[in-house]
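One structure is given here, and the rest of the page talks about it.
Residue numbers begin at 1 in each chain, while the letters A, B, ... track the order of the sequences.
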Amino acid sequence: MDSNSFMHFVEYELQAIALSWMVIIYTIKAVQLSKLPMPWEKEKPKGSGTKGILRSYGSIFMPWSVESSRDNIGRWIGFSLYHIGCLVAIVNTFTYTFTPEIMTPVVKIVFSALIAPAIFIGFAKLYRRLNRPELRHISTPDDYFALLSLQLFFFTGIMALLLDTIFWRSSYYLITAAFLFYVPFSKISHYIYFFFARFLTGKRYGWRGIIPQK
Amino acid sequence: METKEKVYQELDKRYNRLVGTSATNLCTHCGWCIESCHIFKATGNPDHSPVAKAEKVRRVLKRKHDWLSHLFPKWTGAKDLMDGDLDEWVEAAFKNCTLCERCVINCPMGVETPQLLGTARGVLTAMGKSPEILNQLTDAAIAREENMEMMEPFFRKQIANLEKQVQEKMGDSNARIPLSEEADILYVPLSGAHTMIPAAMIFNAAKANWTMSLYEASNYGLFVADIPKAKRIVKRLIKEAEKVKAKTLVVTECGHAYSVLKWEAPKWFGKQFDFEVKSLLEVMDDYIQKGKLDLDPSKNSELVTYHDPCNMGRKGGIFEEPRNVIQASSKEYKEMKPSKVENFCCGGGAGLVACSEWTEDRLLYGSVKVEQIKNTKAKKVVTACDNCLHQIKELGETNDLNISVSNVSEHLANALVFSKS
C-alpha cells in the first residue's frame, strides 16, 4: 500500500468503520438501558418534570447553581475548557476529513488554540488524581488510561492541524480510530449515560418540586 | 457459593434503569461529590466519600453488566463478590451513608449513589445482614397492626390522657383528639406525644375536620429496603383512610414517613392514592395563610433557626412551608448556611439514630451540622423530622451548644393564642 492509499484508508475507510462500530455499540447499550424497568413517579407532581429536566441539563452551564462548581470555580473553568477542547477535537475529526475547505489556516489556529488548554488541564487532572488520597483510592487503570490517551489525541490533533504532515495526519487518524473502537467500552462513554442520568434525576427532582428552586 | 449466588439474584431483582445508569460508566471518578458529603467532611476517610461508597457496589455490578469489566475486570476495578464484601457493604450502606442525596445534586453527571447503596441495603436485608434494630422496628410496626384489636383499648386510654392535656393547654374542654373517626383529614402521628399534642392543638384551634390514626407514620421498611414489608405498613394507613373516608392523609413531622407516603408508596402500589397526601407542615402553613390561627410570635422569643430534613426538603420538596410557619410564630429567625436543597444532613438519617452500636460515629457525622448551628448563633433549632430532632438534641448536648430543639408543630403550638370564649 503506498502512502497515498494508506492515507486515504486511515482518513476515510478506517474512520467510517470505527465510527460505525461506535454508533452500533452505543445503540446497543442505549437499548439495553432503555429496556430496564424504571420506577417512574406516580404521585401527582408538585413541580414540573420538564423544568427539572431542563434545569438538570443546564446546571453544568450554570456553575453558580450547584455548590460543587460554585465553591470550586477554578475546577469548573478547567472542566469547561477541557470539554471544549474535547468537543473541538472531535469536530475536527469530521471537518478535517469531510470539509477541508473550511479548514483555513485561521480556523486551524483557532481549533488548535481551543484544544491546547485541554492538554495542560489534562496534566493537572492527572496530578490531582495522583495527589489526592480520596481520588487515588477509587481510581482504576481505565481512569489513568483515559486521561493519557486523550492527551495523545489532543496532541496529535494539534500537530496535524499545525504541521499537516503525513506522519502527524496519519497518527491523528489512527489514534482517533483507536478511540472510536475503545471509547464505547470505557469510562469516556460517560457522555452517553449523562443524557440518561440527567434526564432521570431532573425529572424526579422537578416532579417533586425540588428543582428549580423558587 | 450459595450465598454469592443469592446475592447476585437479589442484585438482579433490583437492577433497574436508575441503578443501571449509575452502576456503569456514568461515574467518571471526578471526585466532585467528595466535599459534598457530611460524613467525609467529618472523618476525612477516603473510604467515606460518596464515590468510594458507591464503588463497593458498582464494581460488583460492573463485573456482570459492563462488557469491558466482564472481560478485563482489573482494568476497570470490577470484581466478583468476595468474602467480607457484604460486611463492607453494611458499613458503607447503613453506617457511612444516610442516603441524604447531597452527592446527587453536586454530581456533574447525576450519579445516584444513594440508589446504589439503597440497592445494597435491600440485598443485605434479604441476606439477613442489615442492622437488627431496624428489622425489629419494621416488624414491630407490622405486629401493631396484627394485634390492633388487643392494643386499641390501651391506646385509646393513652390518647384520652393526652386529650386532657390538650384541653388544659387550650383552656377548652371541647378540644378533642378524635381517633379513627370519619373526617376529612386523617392525621398520622409518630408514637411520641410531641407529635400528637401540638398537632391536636393546631387542628382544634383551626377548627379542622380531623381525626387521628391508630397507627404511626414511621416505616422502617424503607430503611432496610424491604419493600414488601414497607408496603404492608403503608397498606394499613390506606385501609384506615378509606374507612374514615379521609380526603387528605396528613403525615406528621417525619422525613422518611412523608417521603414514603407522598412519593415512594404510589410507585410501590403503581398508582396514586384516592386521597391526597400532605405534610403537617403544608397544613400548618395553609392555616396561617388563611388566618385560621391566632399567634403571638413573642412567645417564641429566642433566636430560631431551621434544619431542613433531607427527606422533607431535598428528597420531598418541602422548603418554604416550615419557614413560613416558623417565621410567623417566632420573634427572630435566622437561616442556616447552606440551607434548603443544599442543606447538610444532620448525620442521623436513614435509621442511623436507631443503631446504638454506631452512636459515636453518628455524633461525629453531625460535626458539619454543629458548625452550621454555631454559625447562626441560634438558641433554638426547629426541625421537621423526628430522627433529626433526636440527632440534633444529642449533638447539642455533646457539643455544649446550649440550644433547645423542637419540631415545627411544637414551636407553632407554643405561639398559639386561645380566645377565652
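By a heavy-atom distance cut of under 4.5 Å, not one residue of residues 14-24 of chain A is near chain B. Of all residues spanning residues 109-120 of chain A, none has a heavy atom less than 4.5 Å away from chain B's heavy atoms. Of all residues in residues 70-78 of chain A, those placing a non-hydrogen atom less than 4.5 angstrom from a non-hydrogen atom of chain B are A/Arg70, A/Arg75, A/Trp76. Proximity to chain A among residues 56-64 of chain B is limited to B/Arg59, judged by heavy-atom separations below 4.5 angstrom.
What you find for B/Gly110 and A/Ala197 is that their closest heavy atoms are O-CB, 3.9 Å. Across every non-hydrogen atom of A/Ser69 and B/Trp32, the tightest pair is CB-CZ3, 3.9 Å.
Between B/Glu55 and A/His137 the shortest side-chain heavy-atom distance does not fall below 4.5 Å. When side chains are defined from C-beta on, B/Asn106 counts as touching A/Val66, because their heavy atoms get closer than 4.5 Å. Side-chain contact check for B/Cys27 versus A/Tyr193: every heavy-atom pair is 4.5 Å or farther apart.
Heavy atoms closer than 4.5 Å to chain A are found nowhere in B/Leu71, neither backbone nor side chain. Residue A/Phe199: no heavy atom, backbone or side chain, is found under 4.5 Å from chain B. With a 4.5 angstrom heavy-atom cutoff, B/Ser69 does not touch chain A via any of its atoms.
Note on ring orientation: taking the six-membered ring where Trp is involved, the planes of B/Trp67 and A/Phe185 are tilted (angle from 30° to 60°).
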> Does the side chain to side chain contact (heavy atoms under 4.5 Å, CB included) test come out yes or no for B/Leu18 and A/Met38, once each step is laid out?
Replying inline: CA-CA 7 Å; B/Leu18 274 177; A/Met38 177 60 204; 3.7 Å; yes

>> Using the rule given for side chain to side chain donor-acceptor pair (under 3.5 Å), can you reason through A/Thr201 versus B/Glu112, listing the C-alpha separation, both sets of side-chain angles and the distance that settles it, and then say yes or no?
In response: CA-CA 8 Å; A/Thr201 306; B/Glu112 300 247 12; 3.1 Å; yes

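Formation of a donor-acceptor pair under 3.5 Å by the B/Arg17 side chain with backbone atoms of A/Phe196 is not found in this model. Here the side chain of A/Arg128 pairs a donor or acceptor atom with the backbone of B/Cys30 at under 3.5 angstrom. A donor-acceptor pair under 3.5 Å is absent between the side-chain atoms of A/Arg208 and the main chain of B/Arg314, judged by distance alone. Using modelled atom types, one side-chain atom of A/Lys187 and one backbone atom of B/Thr28 make a donor-acceptor pair closer than 3.5 Å.
The pair B/Glu320-A/Lys46 does not count as a salt bridge, with every side-chain nitrogen at least 4.0 angstrom from each carboxylate oxygen.
Here the straight-line distance linking atom CD of A/Glu43 with atom NZ of B/Lys262 works out to 4.0 Å at 0.5 Å rounding. Atom CG in A/Asp142 sits 6.5 Å away from atom CG in B/Leu68 (nearest 0.5 Å).
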